[in-house]
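All remarks here apply to the structure that follows.
This is a predicted model, so every value here is computed, not measured.
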Amino acid sequence: MPKKAVILLSGGLDSATVLAIATSQGYECHTISFDYGQRHRAELDFAKALSAQQNAKSHRVVQVDMTQIGGSALTDSSIDVPVTGVEAGEIPVTYVPARNTVFLSYALALAEVIRSNDIFIGVNAVDYSGYPDCRPEFIEAFEKMANLATKVGVEGEKLHVQTPLIDLTKAQIIQTGTQLGVDYGLTVSCYQADDQGRACGVCDSCRLRKQGFADAGIEDPTRYQP
């Protein structure tokens, strides 16, 4: 039987790279995306396309309405997405409270059901926006909790949360994915992409993505709004 992995797939650059890495390591990949009330659904379309292109065994879209909680520019339309940059050391308003905790919990449930010991997530602690749930300390704490809170963990099977991008720069991520054949034209990183999946080019995520391609010396395939 092939070893199985659950891949959190947002449709963005990082998670697409993680899917390619897991596939290259011989995992049977089961992707999971979330319709959580984010500003645009284009990323869900890209996630579906990426799953098909990289031959994932299954793809799920889970509905979690985080607009009922709000508190983020991505889930509350009354809060504007910053377009002039983010101050160093500041947690920006694009941070979605507890998002990775919620998403990883669903991935953990799926992993138990399909008998997978590995969950892959594309968090990064180098070129990122300062989100607290992207830090190694958070991942370590969640993995410990996962092994305490699950049937398989209690029965002695070790569950792992894999973070292959955690120490890579955006340029290194892009170079890794390019070597593995990732089509970054099938990804969108923008916080406020339009219905066609075209990026705004000015939000923090777009800035990090643009700089990553420039630093990697690789042509940026992103489609931008006029």
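- To the nearest 0.5 angstrom, Q192 atom CD is 10.5 Å from T94 atom OG1.
- Heavy atoms from other residues, nucleotides or ligands lying under 6.0 Å from NZ of K48 number 12 at most.
- In terms of modelled atom types and a separation under 3.5 Å, the side chain of T169 and the main chain of Q172 share a donor-acceptor contact.
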Please assess F120 against T163 for the test side-chain contact (heavy atoms from CB on, under 4.5 Å), listing each intermediate value before the final yes or no. CA-CA 6 Å; F120 281 74; T163 58; over 6 Å; no

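- Here the rule is side chain to side chain contact (heavy atoms under 4.5 Å, CB included) with S189, and of S15, S205, S10, C206 only S205 fits it.
- Applying the ring-ring contact (aromatic ring centres under 6.0 Å, His included) test to Y191 and every residue at least two apart in sequence or in another chain returns nothing.
- The shortest side-chain heavy-atom distance between S33 and H59 falls under the 4.5 Å cut-off.
- Side chain of R39 to main chain of A73: a donor-acceptor pair is present (N/O by atom type, distance under 3.5 Å, no hydrogens or angles).
- Connection of I21 to V6 is not established within any shared hydrophobic cluster, with ILVMFWY side chains joined at heavy-atom distances below 4.5 Å, either directly or through further cluster members.
- Note that the CG atom of N55 and the CG atom of L50 stand 12.0 Å from one another [nearest 0.5 Å].
- Contact annotation: the side chain of P82 never approaches that of C203 to less than 4.5 Å [non-hydrogen atoms, C-beta and beyond].
- In this pair, Y95 and Y131 present their aromatic rings tilted. The plane angle is within the 30 to 60° band.
- At least one donor-acceptor pair under 3.5 Å links the side chain of S116 to the backbone N or O of K4.
- Within 6.0 Å of atom CG in D195, 12 or fewer heavy atoms from other residues, nucleotides or ligands are found, so the atom counts as exposed in its surroundings.
- In this structure, C134 and N100 have side chains that are in contact, with non-hydrogen atoms separated by less than 4.5 Å.
- Within the 4.5 Å cutoff, side-chain heavy atoms of S51 are placed close to those of L9.
- Here the side chains of L159 and I119 are not in contact, with every heavy-atom distance at 4.5 Å or above.
- Annotation: side chain of Q38 is in contact with side chain of E43 (closest heavy-atom distance under 4.5 Å).
- For the atom pair SG (C29) and CD1 (I32), the distance works out to 13.5 Å, reported to the nearest 0.5 Å.
- When every heavy atom of R115 is checked against every heavy atom of V152, the shortest pair comes out as NH1-CG1, 3.4 Å.
- A donor-acceptor contact closer than 3.5 angstrom is absent between the side chains of T67 and Y36.
- Side-chain contact between C190 and Y224: absent, with no pair of heavy atoms (C-beta onward) separated by less than 4.5 Å.
- Between atom CD of residue Q54 and atom CG of residue L19 there is a gap of 4.0 Å, rounded to the nearest 0.5 Å.
- Contact detail for Y27 and A5: the closest heavy-atom pair is CD2-CB, 3.5 Å.
- No side-chain donor-acceptor contact under 3.5 Å links Q63 to the backbone of F34.
- When atom types are taken as modelled, the side chain of N124 and the backbone of L165 share a donor-acceptor pair closer than 3.5 angstrom.
- Closest of all the heavy-atom pairs between T222 and A199 is CG2-CB, 3.9 Å.
- More than 12 non-hydrogen atoms from other residues, nucleotides or ligands lie less than 6.0 angstrom from NZ of K3.
- Looking at D14 and K170, a side-chain N of the basic residue comes within less than 4.0 Å of a carboxylate O on the acidic one, giving a salt bridge.
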Given the rule in the side-chain contact (heavy atoms from CB on, under 4.5 Å) test, do L168 and V126 qualify, once you have shown the distances and angles that lead to the verdict? CA-CA 6 Å; L168 301 184; V126 182; over 6 Å; no

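- Between K210 atom NZ and D215 atom CG the span is 13.5 Å, to the nearest 0.5 Å.
- Looking at H160, Q162, K158, Q25 one by one, the single match for side chain to side chain donor-acceptor pair (under 3.5 Å) with D118 turns out to be Q162.
- No donor-acceptor distance shorter than 3.5 angstrom exists from the side chain of R99 to the backbone of V96, with no hydrogens or angles considered.
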Start with the C-alpha distance between T31 and K57, add both sets of side-chain angles, then the distance that settles side-chain contact (heavy atoms from CB on, under 4.5 Å), and finish with yes or no. CA-CA 8 Å; T31 57; K57 182 69 173 180; over 6 Å; no

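- Between K144 and E140, no side-chain nitrogen of the basic residue sits less than 4.0 Å from a carboxylate oxygen of the acidic one, so the salt-bridge criterion is not met.
- In this structure, the side chain of N147 engages the main chain of E143 through a donor-acceptor pair within 3.5 Å.
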Give the table of side-chain donor-acceptor pairs shorter than 3.5 Å for residues 177-187, with sequence neighbours excluded, one pair per line with atom names and distance.
{"residue": "T178", "atom": "OG1", "partner": "I174", "partner atom": "O", "Å": "2.7"}
{"residue": "D183", "atom": "OD1", "partner": "G185", "partner atom": "N", "Å": "3.0"}
{"residue": "Y184", "atom": "OH", "partner": "T17", "partner atom": "OG1", "Å": "2.7"}
{"residue": "Y184", "atom": "OH", "partner": "I173", "partner atom": "O", "Å": "3.4"}
{"residue": "T187", "atom": "OG1", "partner": "Y184", "partner atom": "O", "Å": "2.7"}
{"residue": "T187", "atom": "OG1", "partner": "R209", "partner atom": "NH1", "Å": "3.0"}
{"residue": "T187", "atom": "OG1", "partner": "R209", "partner atom": "NH2", "Å": "3.0"}

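- Looking only at side-chain heavy atoms (C-beta outward), L104 and I121 come within less than 4.5 Å of each other.
- Hydrophobic clustering (side-chain heavy atoms under 4.5 Å, transitive across Ile, Leu, Val, Met, Phe, Trp, Tyr) groups Y106 together with F142.
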Step by step, would you call I166 with V123 a side-chain contact (heavy atoms from CB on, under 4.5 Å)? CA-CA 6 Å; I166 195 78; V123 294; 3.7 Å; yes

